[in-house]
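These notes concern the structure reproduced below.
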Amino acid sequence: MARILVLGAGFAGLWAAIGAARQRDELGKSRHDAEILVIDRNPYHNIRVRNYEVDLSEAAIPLAELLDPIDVDHRVAEVSSIEPATQEVIIATSHGQETLHYDRLVLTLGSELVRPAIPGLAANSFDVDTYEAAARLNNHLAALGRQVPSPQRATIVVVGAGFTGIEVATEMPAKCANAGVSDPRIILVDPNPVVGATIGDHGRPVISEALASLAVETRLGVRISAVDARGVTLNSGEFIPAQTVVWCAGMAANPLAATLAGEHDRLGRIDVDSFMRAKGLSNVFAAGDIASCVVDGTHATVMSCQFARPMGRFAGHNVVADLFGQPMLPLVIDWYVTVLDLGGWGALYTVGWDRQVHATGAAAKVTKQTINHKRIYPPRNGSQRALFDAAAPTIQAPPVTRTTSKS
Ligand SMILES: Cc1cc2nc3c(=O)[nH]c(=O)nc-3n(C[C@H](O)[C@H](O)[C@H](O)COP(=O)(O)OP(=O)(O)OC[C@H]3O[C@@H](n4cnc5c(N)ncnc54)[C@H](O)[C@@H]3O)c2cc1C
């Protein structure tokens with residue numbers, strides 16, 4: 001029996017596993033011909049894009065619910081090393097270290113928030129990178145809600161005014177209200193001179209309007225030089241008293257990518273071809289944030305679930321096709337959109353690589369909520385057919401929205 005090992009059960013890994021099981025079934029094969037084994041450090045699939053939200057109750061879906069109906073095995077373990085020369089992966093489990101052989105590997109270990117060595121940052125900051133971290137932030141806010149009001153208690157510093165930082169800052173009024181933290185003061189800090197430097201000129205006025213309407217302050221062109229339990233010191237010399245600092249600045253590919261041969265981009269991602277085969281590595285496929293793939297002849301994927309999900313579906317389909325000597329399918333995606341949550345103000349929906357504004361405010365918010373709560377969810381009725389249909393190696397149309405309207 002052959003073994004396909006899928007490392008990571010995020011957007012790319014989950015959909016690679018289901019896509020592989022689908023193609024195994026299409027070829028009339030079963031687990032006796034090819035075992036599909038998913039390894040993740042958690043027993044759940046995190047709807048990671050929702051980690052900034054107030055309500056996290058549906059953001060972690062048990063893997064058993066999704067993988068048991070389709071005969072995909074899954075184990076909770078930490079991947080500690082990958083050995084392509086011997087086709088082995090070393091994992092750490094609660095019982096100790098184990099070596100797993102593979103015939104084909106699908107690398108979907110995602111990305112991680114980068115925390116620079118700023119004094120006090122690691123010990124005194126929160127983030128929303130993982131479900132666990134997001135839940136920790138919500139628990140901290142709930143604990144603040146039970147404390148005596150003070151400026152430190154009410155002040156939330158969000159560091160990094162990119163996509164995640166903006167979503168965290170604009171959701172924070174609702175998070176604070178939910179936690180009983182009254183009159184919050186929210187401050188968004190970024191070393192760039194503008195908010196949303198990567199989002200571009202078209203959408204920036206929309207973001208500024210939302211921040212102003214939600215009374216989110218900014219400190220731009222400055223860096224954090226130290227953090228302690230009392231607050232944050234900026235390199236401008238300003239000290240902001242704050243009991244909550246949320247670090248949202250900078251992502252990089254999972255550090256295990258750096259241990260592998262082949263091309264890596266500036267984010268540490270592995271170069272893959274249009275079939276999701278890792279360049280320079282035999283029998284290794286990669287998808288999601290750990291991989292970079294040119295999808296339309298010009299543009300490489302960006303770290304996003306928008307790309308991670310189809311990359312996963314195609315990697316899953318192709319790894320089984322490759323194992324059984326069948327033709328593989330190239331991934332081609334000819335559209336790119338971004339839908340940025342702006343909390344109680346609404347959202348911003350842009351289209352194209354130059355991010356032209358398509359919809360704003362309440363109309364875009366409906367689209368955002370449909371994406372976060374429906375579009376990116378796997379079927380949860382335990383139906384093998386529904387899971388296989390959702391994992392077909394096809395490209396979804398862009399999310400629909402109503403007209404442009406302000407909130
Ligand atoms: C707050 C937030 C908001 C976001 N909003 C958007 C958005 O609006 N739109 C969008 O397209 N994208 C968004 N993203 C980005 C999106 O979540 C990622 O691009 C996506 O999760 C990538 O999927 P992935 O499967 O590659 O990685 P992940 O989803 O990170 O999955 C990686 C998996 O590997 C596991 N893992 C990692 N290392 C190990 C190890 N050593 N051993 C065992 N298991 C391991 C992890 O537990 C995880 O389950 C957002 C991200 C965040 C954090």
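Whatever order the structure lists ligands and atoms in, that order sets their numbers, starting from 1.
Among protein heavy atoms, atom 35 (C) of ligand 1 sits closest to Asp40 OD2, 3.2 Å. Protein heavy atom at the shortest distance from atom 25 (O) of ligand 1 is Ala12 N, 2.8 Å. In terms of protein heavy-atom proximity, atom 20 (C) of ligand 1 is nearest to Phe11 CD1, 3.7 Å. Nearest protein heavy-atom contact of atom 45 (C) of ligand 1 is Leu109 CD2, 3.6 Å. Atom 34 (O) of ligand 1 has Gly8 CA, 3.5 Å as its closest protein atom, hydrogens excluded (heavy atom only). Looking from atom 31 (O) of ligand 1 to the surrounding protein, the closest heavy atom is Gly10 CA, 3.3 Å. Counting only heavy atoms of the protein, atom 10 (C) of ligand 1 lies nearest to Cys305 N, 3.4 Å. For atom 14 (N) of ligand 1, the nearest non-hydrogen atom of the protein is Val49 CG1, 3.5 Å.
In this structure, Lys368 counts as a contact residue of ligand 1, since one of its heavy atoms falls inside 4.0 Å of the ligand.
Close contacts between ligand 1 and Asn42 involve ligand atoms 47 (O) [criterion: under 4.0 Å to a heavy atom]. Of all atoms in ligand 1, listed by their number and element, those nearer than 4.0 Å to a heavy atom of Ser304 are 10 (C), 11 (O), 12 (N), 19 (O). Near Gln306, meaning under 4.0 Å from one of its heavy atoms, ligand 1 places the atoms 11 (O). Listed by number with element, the atoms of ligand 1 under 4.0 Å from a non-hydrogen atom of Thr108 are 32 (C), 33 (C), 34 (O). Shown in contact with Met303 at under 4.0 Å from a heavy atom are these atoms of ligand 1, numbered in order with element: 19 (O). Counting atoms of ligand 1 from 1 in the listed order, those under 4.0 Å from a heavy atom of Gly288 are 26 (O). For ligand 1, the atoms lying closer than 4.0 Å to a non-hydrogen atom of Ala77 are 42 (N), 43 (C).
Counting only distance, with no hydrogens or angles, the side chain of Arg48 and the backbone of Asp129 share a donor-acceptor pair below 3.5 Å. Between the side chain of Asp103 and the backbone N or O of Arg3, at least one donor-acceptor pair lies under 3.5 Å. Side-chain atoms of Arg230 do not come within 3.5 Å of backbone N or O of Gln152 as any donor-acceptor pair.
Contacts between Thr164 and ligand 1 below 4.0 angstrom, taking non-hydrogen atoms only, involve the side chain exclusively. At a 4.0 Å heavy-atom cut-off, ligand 1 touches Ala308 through the side chain alone. Using a 4.0 Å cut-off between heavy atoms, Ala134 makes no contact with ligand 1 at all. Contacts between Glu112 and ligand 1, counted as non-hydrogen atom pairs separated by less than 4.0 Å, are absent for every part of the residue.
For Asn51, no nitrogen or oxygen atom sits less than 3.5 Å from a nitrogen or oxygen atom of ligand 1, counting backbone and side chain alike. Remark: ligand 1 and Val79 share an N or O pair separated by less than 3.5 Å (distance only, no angle test). Between Glu78 and ligand 1, at least one pair of N/O atoms sits closer than 3.5 Å.
Here the shortest heavy-atom distance to atom 53 (C) of ligand 1, taken over Val128, Val89, Asn254, Asp289, belongs to Val128. When Arg48, Arg41, Glu53 are checked for heavy-atom proximity to atom 30 (O) of ligand 1, Arg48 turns out nearest.
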(message) What verdict does the ring-ring contact (aromatic ring centres under 6.0 Å, His included) test give for Tyr44 and Tyr131, after you've listed the backbone C-alpha separation in whole Å, the side-chain angles of each residue and the deciding distance to 0.1 Å?
(response) CA-CA 10 Å; Tyr44 52 78; Tyr131 173 71; 5.3 Å; yes
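No salt bridge links Glu263 with Lys279; every basic N to acidic carboxylate O contact stays at or beyond 4.0 Å. Taking 4.0 Å as the cut-off between side-chain N and carboxylate O, Asp25 and Lys29 do not count as a salt-bridged pair. Look at Arg50 and Glu171 and you find no salt bridge, because none of the NZ, NE, NH1 or NH2 atoms lies under 4.0 Å from a carboxylate O. Between Asp341 and Lys368 there is no salt bridge, since no side-chain N of the basic residue sits under 4.0 Å from a carboxylate O of the acidic one. Classification of Asp190 and Arg219 as a salt-bridged pair fails, no side-chain N sitting under 4.0 Å from a carboxylate O. Salt bridge status for Asp33 with Arg24: absent, with no side-chain N to carboxylate O gap under 4.0 Å.
Screening Thr164, Val114, Leu113 for a side chain to side chain contact (heavy atoms under 4.5 Å, CB included) involving Met251 leaves a single residue, Leu113. Of the candidates Thr130, Asn51, Asp40, Asn51 is the only one forming a side chain to side chain donor-acceptor pair (under 3.5 Å) with Asn46.
Here CG of Leu348 is found 11.5 Å from CZ of Arg204. Values are rounded to the nearest 0.5 Å.
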Which atom pairs, donor and acceptor, lie under 3.5 Å between side-chain atoms of residues 13-23 and protein residues at least two apart or in another chain?
residue, atom, partner, partner atom, Å
Arg22, NE, Phe388, O, 3.3
Gln23, OE1, His317, ND1, 3.4

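Under the 30°/60° scheme for interplanar angles, the aromatic rings of Tyr336 and Trp353 are found to lie parallel.
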